[in-house]
*Asks:* 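For reference, the structure I am asking about is given below.
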Amino acid sequence: MALPKRDELLKDVNYDRMPSKHWMDTKPEFRPGTYCYAAEPSVVEDLGLPNPRKWQPHDEDWKLPPNWKEIVLNAIKDRMERFRSFKLFMDICVRCGACADKCHFFLGTGDPKNMPVLRAELMRSVVKGEFTRSGKIFGRLAGARPLTYDVIKEWFYYYYQCTECRRCSVFCPYGIDTAEITILAREILHEIGVNIDWILKPVRFSAFVGNHIGLQPHTIQENIEFLLDDIEEITGIRPEVPINKKGAEILFVTPSADFFADPGIYTFMGYVLLFHYLGLDWTLSTYASEGGNFGLFTSHEMMRKLHAKIYHEAERLKVKWILGGECGHMWRVVHQYEDTALGPAPKNLEVPKSPITGTVFEHAKSTKIVHICEFTADLIAHGKLNLDPSRNDHLIVTFHDSCNTSRGMGIFEEPRFILRHVCNNFYEMPENTIREKTFCCGSGSGLNTDEYMEMRMRGGFPRANAVEYVHEKYGVNRMACICAIDRAVLPTLMKYWVPEVSISGVHELVGNALVIPGEKKRTTDLRFEPLKGVEEEA
Amino acid sequence: MNVVAALVAVIGMVIVVWFGVGVLKLYTLFGVLVPYAALLTFLIGLIYRMVNWAKSPVPFKITTTCGQQKSLPWIKHSRLESPANNFEVVLRMALEVLAFRSLFRNLRADLRGRKLYYGSSKWLWLGAILFHWSFFIILVRHLRLFTYPVPGPIKVLDAVDSFFHIGLPHLYMTDVAILAGLTFLILRRLVDAKVNYISHASDYFPLFLILGLISSGMLMRYFLRVDLVSVKEFVMGLATFHPKAPKGIGVIFFVHLFFISALVAYFPFSKLVHMVGVFFSPTRNLPNDNRRVRHINPWWEGVPPKFLTYCEWQEKFKEQLEQAGQPIDEDCYKEKKS
Amino acid sequence: MSLKAQKILKANISPIFEKVRDKVYATFPKETVRFLKKEVDRFENPLGYRLEEGLKGLITELAGDFSWEKVDYFLDRIIRIEAVQSRQPSEALAFLYYLKSAVREVVGEEILEDLGPEALLEVEDRIDAMLLRAFNHYMAAREKLHELRIEEWKSRLYLLLKRAGYLYDVREGSLPPEAGNTEKTH
C-alpha cells in the first residue's frame, strides 16, 4: 500500500523555501517585531535634523525628499572623503566569508543578509554601481547595483539589524569593521530623514535636558534620596551624594539609567557605598547626567554634541579628574572618540591619581577619565577594601563582556579581578563566547525597544545559549556586566531564554561585599533579597 | 552565472593569445607591449589607489581591541591583540599580514559527541596560507629569470622548493601547495552555499586567472617544455629595458605572460588591492592608547562643538535647581561675558 | 507508555531524524542551511544545535519510553526559538507535521506490513498529541514575549513608578488580592 505523501498537502499553506534568488533581488519584509518605529516629526524637528514627517517603515511611501538620491550620493561621497576607514572598507573586502557566521543576528535569524560581509555589501554594491566605471559597465558581475528606493529600505532594515558590536571585525583578516559601516550608513540615512524613534527621543532629551529620559535636576536628586533610604535600611548607613559640588576632586559620570532603572539602581547603590567607604571627594552632576550617548547611533556630530557636556561640566566644577561608571557605548565614546572629538581636556584636569592608593592612571593621562573598574581593581589590588565575598554566596556569578568595552577598549581583566574578590562563585562562559569573542546582548546601538522584541530575542539567542550552558553546568544564577544597555535588556533576554538568571552590574556585587565601618549586620543584599544563611536564622 | 562569466573571460584570454601569437604572429604586441603596459598600469594604478586612500584622513582611532588593554601596571596587557604603542602595532600587523592571525582565530573545540572537532573556518586559514605563501615564493623564485648571475638566496630557495627531487625537472613543492590552496578556495566558493551567495563574478575571475597562470606555468615547466635559454634571454631584455621580440618560444609562454600581465593590470582596480589595503586598515594599524595619546581629527580640529552649555541649561532649570537646593552657579554668566 | 511500533522506530531513529531535519531546514534560506548543518560547535551555531537536539530528543522519546516531561522539555526548547522567528504560527509548529511525514516516509510501510494499520495510527496519534501540546508551548512563549514588553517598561522606569506607588511592593507586607483569597479558601 502506498501511503499518501503528506508534505504535498502543505504546499498551498506557506512553507516555500526562500526562493533561490540573487540577493539583490530579494526585498526585506517589514513584519512586526523586526523593525523599529520611525521617529516622530517633532523630535526630528527639535534636533534640527532633515525631513521631519509622519511615516513608518511598513508604509509603501517613505516620503523621502524629491532629491533623495542626490542627497544620499553626496553623503556617501562626503563620508569617503572624510573617513579613510569607509573608503578602504569599500575597496578591500575579498568576500572570504570568515565573518559570515560571526554575527549574532545571522546566528539567531538565519537570514543570509545578516552575514556581516553582505551587510557591508549592501553599501559596497551601491558605491561600486554609482561611483566606479567598472561597476557601471559590469553591473552585477562586479557586484555593483544602482541606488534605488528599495535599496534605501533594505539599508534601513539591515543597518538597524546590526548592533555595532564589532565581533565580525575581530575575525576579518583586514580588520573591516561593520560597525563603522553601520554607523556611517545610519548617518547617511539620517540625511534623508530615515531614522528611528527609539534613538532620537533619548538624543533629544540628552541634548535639551541632560539625560535619556529627561530627568530634571530635582527628579534625579529625589531618586537618589530614595535610593539612600534603601541603603540606610539595608546597611544602617546613609552615605552622602554630593551634587554639582564645585571644587570636588572627582566628577562621576554614569549612564542615567543607574538613577532610575532596575537593575541599574543597585549598581548605583554599589558606587555610592564604595565612595562613602573611601571618603572620596566626589560629585555628581545633574547637568552632565548622562554617560550613555545615543548620538553615537545617530551621527558623529550628534555624538560629539551630547558628549561635550562632560568636559564642559568638569571645567566648570573645577574637578581634578573624571571617573566613569559602568557603561558600554559610553566607554566606546570615552575611550575611542572623546579625546579626539572634545580634547584636549580642560586645563583644570590633572592626570588621574587615586587619592586612596596613590596610583597614577598613566593610561588615561590625556583624557583624564578613568573607568570605575580600573579604579576599584586598583583599590582591591592594594588591599584597601574590606570585602566579605560570602555576602554574595547566594549568587553564582558569570561575567558578560559587553561589546563596546571589549572590542573598543579592551577592558577584560579589571572586572574579572573585582568579581573574583567580591564573590566566591565565579564561572566563565565558554571560551568562544567571552572576551573579544563575546556575543552581543542583541539590543545594542539603540535597538532596545519593545516593538523590536522578536528580533532582539533572536539576536540575543547566542548569548543566552551560552548563559544557559553555565547555568546548567554550574548553577549560575547571576550574570554581571559593565554596560547599562546590558542591564536594561539582558534581564528581558534572560527571562525569555534562561529565566533563572538575573543581571547586575559589577559594582552592585562590590556594594554587597563591602564591609563598611559602623554598618549594621546585613541580612539582605542591595535588592532586599536575603543573604545565604540568613533565612534559616530568621 | 557569475562563475561562467569569469570562466569565459579567462578562456577568452587564452583564445586571444593563441590567435594573436599563434596565428597572427604578434610577438611584439604580446611579448613586449602588453607586459610593459600592464606593469605601467599596475604601478600607476597602485600609486593612485594608495594616494587616494591616504587622501582621506583617519578621523578617529578605532582600533579593534582583541585583547587586554594596557591600564594598571600589574595587569599584563596583550601586546599583539591590543598594542599599546607603535612597535606593538608593527608586531600585530606582522602577525596579521604574515600569519593571517585573524583568520586563525576560528580555532575552536566542539563539545558535541565529546570528540574534539575543529571548526571549518580553520580550513580557510590553511587554504589562504598555502595559497598566499606559495604565490609569494613562486614570485621570488622567478627572479632567477630576471637576474644574472642568479643571487645565492634565490638558488637556495629554488633548491629547497624542489628538495624532494620528484620527477624531472624536479617538482616544486610550492606548485603543489598553491594548486591545493587555490582549488580549495575555488571549491569553497562553489560549494559552500553561504560563500557562494556572497560571491560575484569578480570574486571568481582572479581565482580562475591565477589558476590559468599557474597551470600555464606548470605546463611549461613539466610538460610542454619551452626553451629556457631563450625565455631567460627575453625576460632579461624586458627587465633591462632592451626588449627583443621573442622568437621560437611556444605559445604557452605567451599565455603565461598574458595571464600575469592581466593579473598585474587588474590588481589595482579590484579587490586584489587588499594586499596593500590591509596596511591602511585603521582597526589594525593603530595602537590602543586612546586615553594616553590624543588623536587629531583634521576636520574637527578648531571647530568647537555646539551644545547646550551649563549656563543655558541652568537658565532653563533654575526653578527646579533652586527648589531642590542644588547650587546656582553665578560665575558661569561672568565667564560667558568675559 | 511505549508504542507497538517501538522496535521499528528505535531501529530507525537516525534516518527519521535526518529526514525531519532536512524538512525543517528546507524552511530556512538555503544559504544558511549548510552552516546550520555543518557547524558543530553548539555555541557558534546555537540555532542548529538546539533544533537538532530537540528533534532528536522528540524522536527518541517517540521510539522509547514516552514521557511527557521530557517531551515537554524538548518541545519547549524548539518552540521558544520558533516563536520569535518571523513566521506564522502554522509555520512555527510545522516541525511536528514534518515529524509525522518523516515517520511515515521512513518506516510507514514497514510498520503497516509488520504490525498493521493500528500500529501506524498509534504512532501518528502520538505525534498529534504532541502537536496539541505544542500549542500550549507556543502560546506560552508568545505570551511571555508580550509580558516581557510590559515588564521591561516597568524595569526601565522602576524607581519612578515605585516612588509614585504604582508598583506592588512585597516588602510592604500587603498581599495581592488573589493571594489573599487563596489563603482563605485553604
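In what follows, chains carry the letters A, B, and so on, assigned in the order in which the sequence lines appear, proteins first and then strands, with residues in each chain numbered from 1.
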*Asks:* Side chain, backbone, both or neither: which part of B:Pro304 has an atom under 4.5 Å from a heavy atom of chain A?
*Replies:*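 Contact with chain A: backbone only.
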
*Asks:* Would you call A:Leu141 and B:His200 a side-chain contact if the rule is heavy atoms closer than 4.5 Å?
*Replies:*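 The answer is no; the side chains never approach within 4.5 Å.
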
*Asks:* Could you look at A:Thr132 and say if it's the side chain, the backbone, both or neither that has a heavy atom under 4.5 Å from chain B?
*Replies:*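 Neither; nothing under 4.5 Å.
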
*Asks:* Tell me, side chain or backbone of A:Glu374 under 4.5 Å from chain B's heavy atoms, or both, or neither?
*Replies:*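 Both parts, backbone and side chain.
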
*Asks:* Picking from B:Arg291, B:Gln314, B:Met275, B:Gln69, which has the most non-hydrogen pairs under 4.5 angstrom with chain A?
*Replies:*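 Most heavy-atom pairs under 4.5 Å with chain A: B:Arg291.
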
*Asks:* Going by salt bridge (charged side-chain N to carboxylate O under 4.0 Å, His left out), name the residues that satisfy it together with B:Asp329, two or more places apart in sequence or in a different chain.
*Replies:*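 Here the qualifying residues are A:Lys246, A:Arg316.
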
*Asks:* Will you find, in the side chains of B:Ser199 and A:Arg95, an N or O donor that is under 3.5 Å from an N or O acceptor?
*Replies:*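 No pair is found: no donor N or O on one side chain lies under 3.5 Å from an acceptor on the other.
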
*Asks:* Counting only heavy atoms closer than 4.5 Å, note whether A:Ala207 contacts chain B via side chain, backbone, both or neither.
*Replies:*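 The answer is the backbone of A:Ala207.
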
*Asks:* Quick check for you: among A:Phe361, A:Phe86, A:Phe208, A:Phe138, which has the greatest number of heavy-atom pairs under 4.5 Å with chain B?
*Replies:*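 Among A:Phe361, A:Phe86, A:Phe208, A:Phe138, the one with the most close pairs to chain B is A:Phe208.
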
*Asks:* Below 4.5 Å, heavy-atom pairs only: which of A:Lys87, A:Glu222, A:Glu413 has the largest tally toward chain B?
*Replies:*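 Of the options given, most contacts go to A:Lys87.
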
*Asks:* Would you say the ring centroid of B:Trp53 lies under 6.0 angstrom from that of B:Phe279?
*Replies:*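 They do not qualify: ring centres at least 6.0 Å apart.
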
*Asks:* Whether the B:His274 and A:Asp91 side chains hold a donor-acceptor pair (N or O, under 3.5 Å, no angle test) is what I'd like checked.
*Replies:*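 Not at all, the side chains of B:His274 and A:Asp91 share no donor-acceptor pair under 3.5 Å.
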
*Asks:* Sequence neighbours left out, cut at 3.5 Å: what donor-acceptor pairs do the side chains of residues 94-103 of chain B make with other protein atoms?
*Replies:*
unit_1, atom_1, unit_2, atom_2, d
B:Glu96, OE1, B:Ser102, OG, 2.7
B:Glu96, OE1, B:Arg284, NE, 3.0
B:Glu96, OE2, B:Ser102, N, 3.0
B:Glu96, OE2, B:Ser102, OG, 3.2
B:Arg101, NE, B:Glu81, OE2, 2.8
B:Arg101, NH2, B:Glu81, OE2, 2.6
B:Ser102, OG, A:Val170, O, 3.4
B:Ser102, OG, A:Cys172, O, 3.4
B:Ser102, OG, B:Arg284, NH2, 3.1

*Asks:* Sort B:Ile296 into side chain, backbone, both or neither according to what part of it lies under 4.5 angstrom from a heavy atom of chain A.
*Replies:*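 Interface part for B:Ile296: backbone (N, CA, C, O).
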
*Asks:* I need the residue from B:Ile198, B:Asn297, B:Val278 with the largest number of non-hydrogen atom pairs under 4.5 Å to chain A.
*Replies:*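 The answer is B:Ile198.
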
*Asks:* Let's test your reading of the structure: which of A:Arg140, A:His300, A:His371 forms the most heavy-atom pairs below 4.5 Å with chain B?
*Replies:*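 Sorted descending by pairs with chain B, the first entry is A:His300.
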
*Asks:* Measure B:Lys194 against the heavy atoms of chain A and call it side chain, backbone, both or neither at under 4.5 Å.
*Replies:*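 B:Lys194 touches chain A through backbone and side-chain heavy atoms alike.
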
*Asks:* Should the pair A:Arg304 and B:Trp300 be classed as cation-pi, given the thresholds of under 6.0 Å to the six-membered ring centre and 45° from the axis?
*Replies:*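 Yes, A:Arg304 lies over the aromatic ring of B:Trp300.
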
*Asks:* Is it the backbone or the side chain of B:Asp289 that comes under 4.5 Å from a heavy atom of chain A, or both, or neither?
*Replies:*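 Neither; nothing under 4.5 Å.
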
*Asks:* Quick check on A:Val209 against chain B: is it the side chain, the backbone, both or neither that has a heavy atom closer than 4.5 Å?
*Replies:*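 A:Val209 touches chain B through backbone and side-chain heavy atoms alike.
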
*Asks:* Looking at A:Phe171, does the NZ or CZ of A:Lys102 lie under 6.0 angstrom from its six-membered ring centre and within 45 degrees of the ring axis?
*Replies:*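 The answer is yes; both the distance and angle limits are met.
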
*Asks:* Ignoring hydrogens and angles, state whether a donor on the side chain of A:Thr357 or A:Ser354 is under 3.5 Å from an acceptor on the partner side chain.
*Replies:*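 A:Ser354 and A:Thr357 do have a side-chain donor-acceptor pair below 3.5 Å.
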
*Asks:* With a 4.5 angstrom heavy-atom cut-off, could you sort out which part of B:Val293 is near chain A: side chain, backbone, both or neither?
*Replies:*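 Contact with chain A is through the backbone of B:Val293 alone.
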
*Asks:* Inspect the contact between A:Glu431 and A:Lys437 and indicate whether a charged nitrogen and a carboxylate oxygen are less than 4.0 angstrom apart.
*Replies:*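 Salt bridge present between A:Lys437 and A:Glu431.
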
*Asks:* Taking B:Cys66, B:Pro282, B:Ser82, B:Gly325 one by one, which has the highest count of heavy-atom pairs under 4.5 Å against chain A?
*Replies:*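 Of B:Cys66, B:Pro282, B:Ser82, B:Gly325, B:Cys66 has the most heavy-atom pairs under 4.5 Å with chain A.
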
*Asks:* Verify salt bridge (Lys or Arg N to Asp or Glu O under 4.0 Å) between A:Asp401 and A:Arg435, making sure each step is shown before the conclusion.
*Replies:* CA-CA 6 Å; A:Asp401 291 276; A:Arg435 294 177 186 262; 5.9 Å; no

*Asks:* Applying salt bridge (Lys or Arg N to Asp or Glu O under 4.0 Å) to A:Lys318 and A:Glu315, what does each step give before you reach the verdict?
*Replies:* CA-CA 5 Å; A:Lys318 304 206 167 44; A:Glu315 190 171 18; over 6 Å; no

*Asks:* Do you know which of A:Arg332, A:Glu81, A:Lys245, A:Arg166 has the most heavy-atom pairs with chain B at a distance under 4.5 angstrom?
*Replies:*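 The option with the most such pairs is A:Arg166.
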
*Asks:* Quick one: what part of B:Asn52 sits under 4.5 Å from any heavy atom of chain A, side chain, backbone, both or neither?
*Replies:*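 Both parts, backbone and side chain.
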
*Asks:* Between chain A and each of B:Gly277, B:Pro57, B:Ala201, B:Ala84, count heavy-atom pairs under 4.5 Å; write down the option with the most.
*Replies:*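 Among B:Gly277, B:Pro57, B:Ala201, B:Ala84, the one with the most close pairs to chain A is B:Pro57.
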
*Asks:* Name the member of B:Val273, B:Val58, B:Ile62, B:Asn2 that forms the most heavy-atom pairs with chain A at distances under 4.5 Å.
*Replies:*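 Greatest number of close heavy-atom pairs with chain A: B:Ile62.
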
*Asks:* Name the region of A:Glu362, side chain, backbone, both or neither, that has any atom closer than 4.5 Å to a heavy atom of chain B.
*Replies:*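 Contact with chain B: backbone only.
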
*Asks:* Is A:Phe106 close to chain B through its backbone or its side chain, or both, or neither, when contacts mean heavy atoms under 4.5 Å?
*Replies:*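 For A:Phe106, the side chain is the part near chain B, not the backbone.
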
*Asks:* Name the region of A:Ala341, side chain, backbone, both or neither, that has any atom closer than 4.5 Å to a heavy atom of chain B.
*Replies:*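 Both parts, heavy atoms under 4.5 Å.
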
*Asks:* Under a 3.5 Å distance rule, please check whether B:Thr283 uses its side chain to pair with a backbone N or O of A:Gly175 as donor and acceptor.
*Replies:*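 It does hold such a pair.
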
*Asks:* Centre-to-centre under 6.0 Å for A:His312 and B:Phe307, is that the case here?
*Replies:*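 A:His312 vs B:Phe307: aromatic centres under 6.0 Å.
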
*Asks:* Sort A:Ala345 into side chain, backbone, both or neither according to what part of it lies under 4.5 angstrom from a heavy atom of chain B.
*Replies:*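 It is neither, since no heavy atom gets under 4.5 Å.
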
*Asks:* In terms of heavy-atom proximity below 4.5 Å to chain B, should A:Cys96 be classed as side chain, backbone, both, or neither?
*Replies:*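 For A:Cys96, the contact with chain B is made by backbone and side chain together.
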
*Asks:* Against chain A, work out which of B:Asn285, B:Leu185, B:Ile75 has the most heavy-atom pairs shorter than 4.5 Å and name it.
*Replies:*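 Option with the top pair count is B:Ile75.
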
*Asks:* Let me know if A:Ser134 has heavy atoms under 4.5 Å from chain B in its side chain, its backbone, both or neither.
*Replies:*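 For A:Ser134, there is no contact with chain B at all, as no heavy atom is under 4.5 Å.
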
*Asks:* Determine the option with the most heavy-atom pairs under 4.5 angstrom with chain B, choosing from A:Asp378, A:Thr286, A:Thr219.
*Replies:*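 Ranked by contacts with chain B, first place is A:Thr286.
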
*Asks:* Judged by atom type as modelled, is there a donor-acceptor pair below 3.5 Å linking the side chain of B:Arg294 to the main-chain atoms of A:Asp339?
*Replies:*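 Side chain of B:Arg294 to backbone of A:Asp339: a pair is present.
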
*Asks:* Answer with side chain, backbone, both or neither: which region of A:Met115 has an atom nearer than 4.5 Å to a non-hydrogen atom of chain B?
*Replies:*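 Only the side chain of A:Met115 comes within 4.5 Å of chain B.
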
*Asks:* Aromatic ring centroids of B:Phe317 and A:Tyr287 under 6.0 Å?
*Replies:*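 No; A:Tyr287 has its ring centre 6.0 Å or more from that of B:Phe317.
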
*Asks:* Donor-acceptor pair, distance only, cut-off 3.5 Å: does the side chain of A:Gln336 make one with the backbone of B:Thr63?
*Replies:*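 Yes, A:Gln336 side chain to B:Thr63 backbone: donor-acceptor pair under 3.5 Å.
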
*Asks:* Select, from A:Val360, A:Leu342, A:Thr367, the one with the greatest count of heavy-atom pairs under 4.5 Å involving chain B.
*Replies:*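 Counting heavy-atom pairs under 4.5 Å, the top option is A:Thr367.
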
